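Small disclaimer: the values here were computed from a predicted structure and weren't measured. Just so you know, ligand 1 is whichever comes first in the structure, and atom 1 is the first atom listed for that ligand.
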Amino acid sequence: MASKFQKILEQATDSTLVEPNWEGIIACTDMIRSGEVPAKPSLQAIRKRLQHENPHVVNHTLLVLDACVKNCGHKVHAEVATREFMEDFKNLVTENKYDEVKNKSLEMLQCWATAFANKPEYKMVVDTHNLMKLAGFDFPSLKEADAMFMAQVAPEWADGPECYRCRSIFTVFTRKHHCRACGQIFCDKCSSREMALPQFGIEKEVRVCETCYEKKVAEIKE
Ligand SMILES: O=P(O)(O)O[C@@H]1[C@H](O)[C@H](OP(=O)(O)O)[C@@H](O)[C@H](O)[C@H]1O
Ligand SMILES: [Zn+2]
Ligand SMILES: [Zn+2]
């Protein structure tokens, strides 16, 4: 499994990419979020990729990591909030010589530490942030989308025999699909819309259900 994830991760973080490979990034988060690959080996693959000597690879990997933290919930948070992961992540700021890598790492740590401020199970992230602040590292101010992330973390994908909205039973012809916003399971008819989810760091349009789509349209009209 991890090898399939490794392949997708390498495509999503290829050194020749001149802009984010959102298909690849979403494919990584979907594999973890759907449970197709276990979080632990996937985050170890990400952690290893963050040590790559090419700064472009590291920057693309940081985008994958940020999307995983914002979309895959506790199973990823638990892997990030470990001493080993935080030690490596801190080194991206203290050891990496590329400013783009340093700044992106500081921005991500700031967002996570803020989102995890009241979650003792992720104390390692908050402590790392505080220690680096005390050491004089200059953290950027939180982006609005990151503040939204603090309010709502993408829920785990639901499973079930029928569409959450119209209750039609899944068959070989009525396939299962998931809404990237609410994580519920739907038939194609009830989840044929697509939209970006900035609150989860997703800038590419992804599949969402009718309800989440209509909610977003209503918000924009307000
Ligand atoms: O098409 P299938 O072989 O049934 O596989 C489904 C697709 O991968 C769906 O992706 P999508 O939500 O992007 O459509 C995913 O949400 C379902 O969990 C999978 O069962
Ligand atoms: Zn339906
Ligand atoms: Zn939804």
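- Ring geometry for H77 against Y122 counts as perpendicular: the plane angle is over 60°, on a 0 to 90° scale with 30° as the lower cut.
- In terms of protein heavy-atom proximity, atom 12 (O) of ligand 1 is closest to H178 N, 2.9 Å.
- Remark: at the Zn ion (ligand 2), atom SG from C190 and atom SG from C166 enclose 110°, rounded to the nearest 10 degrees.
- Using modelled atom types and a 3.5 Å distance limit, the side chains of H177 and R207 yield a donor-acceptor pair.
- Atom OG1 of T128 is separated from atom NZ of K123 by 9.5 Å, given to the nearest 0.5 angstrom.
- At a 3.5 angstrom cut-off on N or O pairs, H177 counts as close to ligand 1.
- Here CE of M195 is found 8.5 Å from NZ of K215. Values are rounded to the nearest 0.5 Å.
- Atom 19 (C) of ligand 1 has as its closest protein heavy atom K176 O, 4.1 Å.
- Within the structure, ring-ring contact (aromatic ring centres under 6.0 Å, His included) contacts touching residues 79-105 (residues at least two apart or in different chains) are F89-W112.
- Across all non-hydrogen atoms, the minimal contact from L62 to S105 is CD1-OG, 3.7 Å.
- A 4.5 Å side-chain heavy-atom check between V172 and R175 finds at least one atom pair inside the cut-off.
- Draw a line from the Zn ion (ligand 2) to SG of C187 and another to SG of C163, and the angle between them is 120° (to 10°).
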- Message: Determine whether E10 and K7 satisfy the following criterion, salt bridge (Lys or Arg N to Asp or Glu O under 4.0 Å), listing intermediate values before the conclusion.
- Response: CA-CA 5 Å; E10 284 168 10; K7 199 160 75 53; over 6 Å; no

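- Applying the ring-ring contact (aromatic ring centres under 6.0 Å, His included) test to pairs two or more places apart or on separate chains, none has a residue in residues 17-65.
- Here is the list of ligand 1 atoms found below 4.0 Å of a heavy atom in W157: 16 (O).
- Remark: atom 5 (O) of ligand 1 lies closer than 4.0 Å to no protein heavy atom.
- Protein atoms of type N/O/S that fall under 2.8 Å from the Zn ion (ligand 3) number 4 in this view.
- Counting only heavy atoms of the protein, atom 3 (O) of ligand 1 lies nearest to R175 NH2, 2.9 Å.
- Residue, atom and distance of the protein heavy atom nearest to atom 10 (O) of ligand 1 are R180 NH2, 4.1 Å.
- Within 4.0 Å of atom 8 (O) of ligand 1, not a single protein heavy atom is present.
- Applying the salt bridge (charged side-chain N to carboxylate O under 4.0 Å, His left out) test to pairs two or more places apart or on separate chains, those with a residue in residues 40-55 are K40-E79, R47-D88.
- Considering only non-hydrogen protein atoms, atom 11 (P) of ligand 1 sits nearest to R207 NE, 3.6 Å.
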- Message: Run the ring-ring contact (aromatic ring centres under 6.0 Å, His included) test on F116 and H129 for me, step by step, so that the C-alpha distance in whole Å, both residues' side-chain angles and the decisive distance to 0.1 Å come before the verdict.
- Response: CA-CA 11 Å; F116 297 158; H129 177 249; over 10 Å; no

